[in-house]
Amino acid sequence: MNDANFYCKPAQGERIETKLELAPDISAAIHGVVSDTEGAAIGGALVLLFRVDEQTDKAHTLIAQIVTDAEGHFAFGGLDGDVLYRVKVFRRCGTGRVLDV
């Protein structure tokens with residue numbers, strides 16, 4: 001991922017001018033919406049992102065996790081391209097148990 005940041009503490013009345021140049025972002029991203037079978041968004045669902053070892057298809061390394069927003073949205077960014085990922089989603093049911101979606 002290409003990004004830029006810097007710290008500065010200008011003195012009173014001082015003006016700081018800067019120019020930032022970013023290289024093109026070639027990272028990949030995965031985003032989506034978690035919903036039930038009737039299309040209603042599921043907020044608060046746990047979404048896990050695993051990197052899959054394509055040689056064995058068994059070794060899954062957890063690399064990120066996020067909870068969906070109220071509209072069921074989730075996003076993972078800054079990912080390597082041409083890599084196999086697995087997304088697994090869980091939601092809390094009325095009994096407090098966690099269900100695999």
Side-chain angles (χ1 to χ4, degrees):
M1 174 185 287
N2 293 311
D3 59 6
N5 67 77
F6 61 94
Y7 296 92
C8 63
K9 188 176 183 180
Q12 188 170 350
E14 181 181 10
R15 303 286 185 256
I16 296 176
E17 183 177 328
T18 186
K19 180 179 179 183
L20 301 174
E21 293 181 9
L22 299 177
D25 186 358
I26 60 169
S27 64
I30 299 171
H31 62 91
V33 177
V34 178
S35 60
D36 63 18
T37 56
E38 282 130 29
I42 300 176
L46 175 63
V47 184
L48 305 178
L49 180 66
F50 297 88
R51 185 179 185 129
V52 179
D53 181 339
E54 293 187 65
Q55 302 299 320
T56 65
D57 195 37
K58 294 182 181 178
H60 294 72
T61 304
L62 178 65
I63 58 170
Q65 61 185 2
I66 193 168
V67 174
T68 58
D69 66 12
E71 290 81 38
H73 294 103
F74 69 91
F76 299 105
L79 304 175
D80 294 330
D82 298 318
V83 171
L84 180 61
Y85 294 99
R86 178 180 182 201
V87 177
K88 191 159 178 69
V89 180
F90 297 90
R91 70 171 174 162
R92 206 169 278 288
C93 68
T95 64
R97 296 181 314 149
V98 175
L99 302 175
D100 189 349
V101 176

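No hydrogens, no waters, no symmetry mates; every other heavy atom, side chains included, goes into these values.
Listed by chain and residue number, nothing satisfies the side chain to side chain contact (heavy atoms under 4.5 Å, CB included) test with Thr37 (two or more places apart in sequence, or in another chain). By the side chain to side chain contact (heavy atoms under 4.5 Å, CB included) test, Glu54 pairs with Leu84, sequence neighbours left out.
By the 6.0 Å contact criterion, CD on Gln55 is open, its count of non-hydrogen atoms from other residues, nucleotides or ligands being 12 or less.
Residues Ile66 and Tyr85 fall within the same hydrophobic cluster, defined by Ile, Leu, Val, Met, Phe, Trp and Tyr side chains chained together at heavy-atom separations under 4.5 Å. Under the 4.5 Å side-chain heavy-atom criterion for Ile, Leu, Val, Met, Phe, Trp and Tyr, Ile63 and Val87 are members of the same hydrophobic cluster. At a threshold of 4.5 Å between side-chain heavy atoms, the hydrophobic network of Ile, Leu, Val, Met, Phe, Trp and Tyr places Val52 and Ile30 in two separate groups.
In this structure, Asp53 CG and His60 NE2 are separated by 9.0 Å, a value rounded to the nearest 0.5 Å. Atom-to-atom distance recorded for Phe74:CZ and Thr68:OG1 is 9.0 Å, nearest 0.5 angstrom. Taken to the nearest 0.5 Å, the OG atom of Ser35 stands 10.0 Å off from the CZ atom of Arg91.
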Identify all side-chain donor-acceptor contacts of residues 38-48 below 3.5 Å with residues at least two apart in sequence or on another chain.
none

Q: List the steps, then state whether salt bridge (charged side-chain N to carboxylate O under 4.0 Å, His left out) holds for Arg51 with Asp80.
A: CA-CA 10 Å; Arg51 185 179 185 129; Asp80 294 330; 3.1 Å; yes
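Under the 4.0 Å criterion applied to side-chain N and carboxylate O atoms, Arg15 and Glu17 are not assigned as salt-bridge partners.
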